[in-house]
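Take a look at the structure below.
All chains are named by letter (A, B, ...) in the order of the sequence lines, taking the proteins before the strands, and each is independently numbered beginning at 1.
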There are 2 protein chains.
Amino acid sequence: MKDAGGGVSTLRDSLAAAMAGGELSERHCEILEAAAGLFAERGYAATSVRDIGEKVGLLGGSLYHYIKSKEALFVRIHDMALQVAGDRIATAMAGKTDPWERLEAACVTMLEIQLDPHSLTMPLMNDFASAPPEIRERLVAKRDAFEAIFRELIPGLPLDPALDRGVYRLLLLTLLNNVSSWYRQGGMSPEDIGRQIVRIFRHDVKEKEGVERVSPAR
Amino acid sequence: MKDAGGGVSTLRDSLAAAMAGGELSERHCEILEAAAGLFAERGYAATSVRDIGEKVGLLGGSLYHYIKSKEALFVRIHDMALQVAGDRIATAMAGKTDPWERLEAACVTMLEIQLDPHSLTMPLMNDFASAPPEIRERLVAKRDAFEAIFRELIPGLPLDPALDRGVYRLLLLTLLNNVSSWYRQGGMSPEDIGRQIVRIFRHDVKEKEGVERVSPAR
DNA sequence: AATCCTGTATCAAACGATTGTTACATTTGG
DNA sequence: CCAAATGTAACAATCGTTTGATACAGGATT
């Protein structure tokens with residue numbers, strides 16, 4: 001797999017790195033990871049601190065020597081997940097120049113992250129609903145920053161002008177964020193699904209006849 | 001009596017009809033409607049019975065002369081919303097024969113339902129996560145039945161064979177179900193968005209030249 | 001070597017708040 | 001005056017969180 005420079009490719013990797021750097025104890029890692037899984041699985045409101053504790057073999061109250069609050073824990077996980085995802089997508093796109101290829105790389109990578117059962121991270125990108133309004137603000141802001149990747153990617157596409165680029169971007173992101181709701185292992189691979197999505201979303205501008213155009217790769 | 005040809009078009013209408021039919025008291029209606037709004041807004045786990053009571057001007061406990069339990073309330077709302085949506089989409093498609101037109105009618109109608117601030121209904125179609133596992137089963141089953149509309153619609157499309165019809169359907173439904181997460185009033189209309197979606201998803205099979213093709217035998 | 005000290009990690013138990021729910025009393029309208 | 005509608009008040013459970021005690025490690029002191 002791609003291991004570019006710093007090579008952080010999953011939440012777990014990121015946690016391991018932070019651990020090696022001495023910023024995080026092993027237990028701290030376990031807790032973040034367990035919490036990430038539960039939040040992703042059942043949502044913020046439906047996940048109790050005691051649930052998280054049980055998953056790492058601690059009492060609920062014992063977690064508070066590692067976390068400041070449940071909210072802070074959630075926010076932290078969310079931030080880390082976005083960071084990891086952003087980095088990984090960026091490195092996946094690096095090198096590619098063809099706009100559609102770049103888009104495909106971004107989509108496939110995003111799906112690989114979200115659908116990897118071991119990375120248990122990003123499904124919480126859509127859990128804003130059950131989170132307290134105060135932290136929701138923060139989450140939305142961070143996610144918007146993350147989505148800047150796509151905001152920069154899409155203007156470069158030779159897209160059929162009949163399509164509104166604004167909704168186009170929103171629809172694509174909506175899709176990438178929610179495939180996790182029906183994806184089951186054993187069927188199509190994240191890569192296959194990503195390619196299908198790009199195939200659906202690929203509508204090249206119609207080339208006018210008589211206009212020379214060096215067509216990119218294909 | 002619900003006449004499929006005539007006019008149940010929102011959850012509120014459906015409630016009004018049930019009220020007129022004597023099946024539901026007015027208060028009962030208010031409660032269902034308020035609950036629908038809150039469930040849609042914050043999810044199942046993050047909505048308390050007292051919240052619902054407050055919205056209709058009652059104490060939490062007082063609701064229990066109208067509902068059996070919070071779970072039953074949720075299931076009921078979910079079922080009604082699906083019923084209403086199914087009926088409305090069916091009537092919107094009635095009459096149309098062209099496959100793409102039928103698809104567009106279904107998509108636009110689905111979005112109109114989900115994005116209508118007065119119908120406050122269907123966003124809970126994706127709130128399975130925070131609902132107790134027992135009722136989740138039931139919800140999934142009902143939703144699958146609802147989605148049969150699309151399962152029947154898509155085989156009729158003259159679709160580019162490079163696209164897998166299975167994921168195609170899933171992706172389309174994912175989109176329709178989640179536009180509500182970013183839709184804000186004042187921008188594009190639900191109809192506009194629906195049309196954009198169909199435009200993106202429209203990939204006709206390439207007709208081979210010289211091959212006569214009559215309407216698909218079936 | 002035995003003792004003390006300090007800090008971390010964990011548990012046990014409880015706090016007050018909130019949850020879904022119920023039993024009973026009270027109001028209200030016909 | 002009765003029945004439906006609503007309030008009052010509490011139940012046990014669970015929530016996030018805090019407190020205080022306990023166990024155990026290593027380093028410093030005696």
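- A close approach under 4.0 Å does occur between a side-chain nitrogen or oxygen of B:Y66 and OP1 or OP2 of D:dT6.
- In this structure, the NZ atom of B:K68 is 15 Å from the C1' atom of C:dT22, given to the nearest Å.
- Whole-Å rounding puts the B:K70 NZ to D:dT14 C1' distance at 13 Å.
- The distance from atom CD1 of A:I52 to atom C1' of D:dT17 is 13 Å, rounded to the nearest whole Å.
- In this structure, of D:dT17, D:dT8, D:dT6, it is D:dT6 that holds the atom nearest to the side chain of B:L58.
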Side chain to side chain contact (heavy atoms under 4.5 Å, CB included) between B:W100 and B:R202, worked out
CA-CA 8 Å; B:W100 292 112; B:R202 175 158 190 170; 3.4 Å; yes

Step by step, would you call A:R169 with A:L153 a side chain to side chain contact (heavy atoms under 4.5 Å, CB included)?
CA-CA 9 Å; A:R169 189 189 93 248; A:L153 200 45; over 6 Å; no

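- Taking atom CD1 on A:I31 and atom C1' on C:dT8, their separation rounds to 13 Å, with Å as the unit.
- Under 4.0 Å is where a charged nitrogen must lie from a carboxylate oxygen, and between B:E112 and B:R88 at least one such pair does.
- Atom CG in B:L73 sits about 15 Å away from atom C1' in C:dT19, given to the nearest Å.
- For the pair A:Y64 and D:dT18, the criterion of a side-chain N or O lying under 4.0 Å from OP1 or OP2 is not met.
- Residue B:H28 contributes atom NE2, which lies 14 Å from atom C1' of D:dA4 at whole-angstrom precision.
- Computed from coordinates, the A:I67 CD1 to C:dT10 P distance equals 13 Å when rounded to whole Å.
- Considering only side-chain N and O atoms, B:S62 lies under 4.0 angstrom from the phosphate OP1 or OP2 of D:dG7.
- Taking 4.0 Å as the cut-off between side-chain N and carboxylate O, B:R195 and B:E191 count as a salt-bridged pair.
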Evaluation steps, side chain to side chain contact (heavy atoms under 4.5 Å, CB included), between B:I149 and B:F146:
CA-CA 6 Å; B:I149 297 176; B:F146 167 79; 4.2 Å; yes

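- Using a 4.0 Å heavy-atom cutoff across all strands shown, A:L59 reaches sugar-phosphate atoms only and no base atom.
- Using a 4.0 Å heavy-atom distance criterion, A:G57 is classed as a sugar-phosphate-only contact.
- Straight-line distance from the CZ atom of B:R50 to the P atom of D:dT8: 13 Å, rounded to whole Å.
- In the interface, the side chain of A:R27 is not paired with the base of C:dT10 through any donor and acceptor atom under 3.5 Å apart.
- Mapped onto DNA chain C by nearest heavy atom, B:H65 and A:G61 fall at different nucleotides, with A:G61 at the one closer to the 5' end.
- Taking only side-chain nitrogens and oxygens, A:S48 comes nearer than 4.0 Å to OP1 or OP2 of D:dC15.
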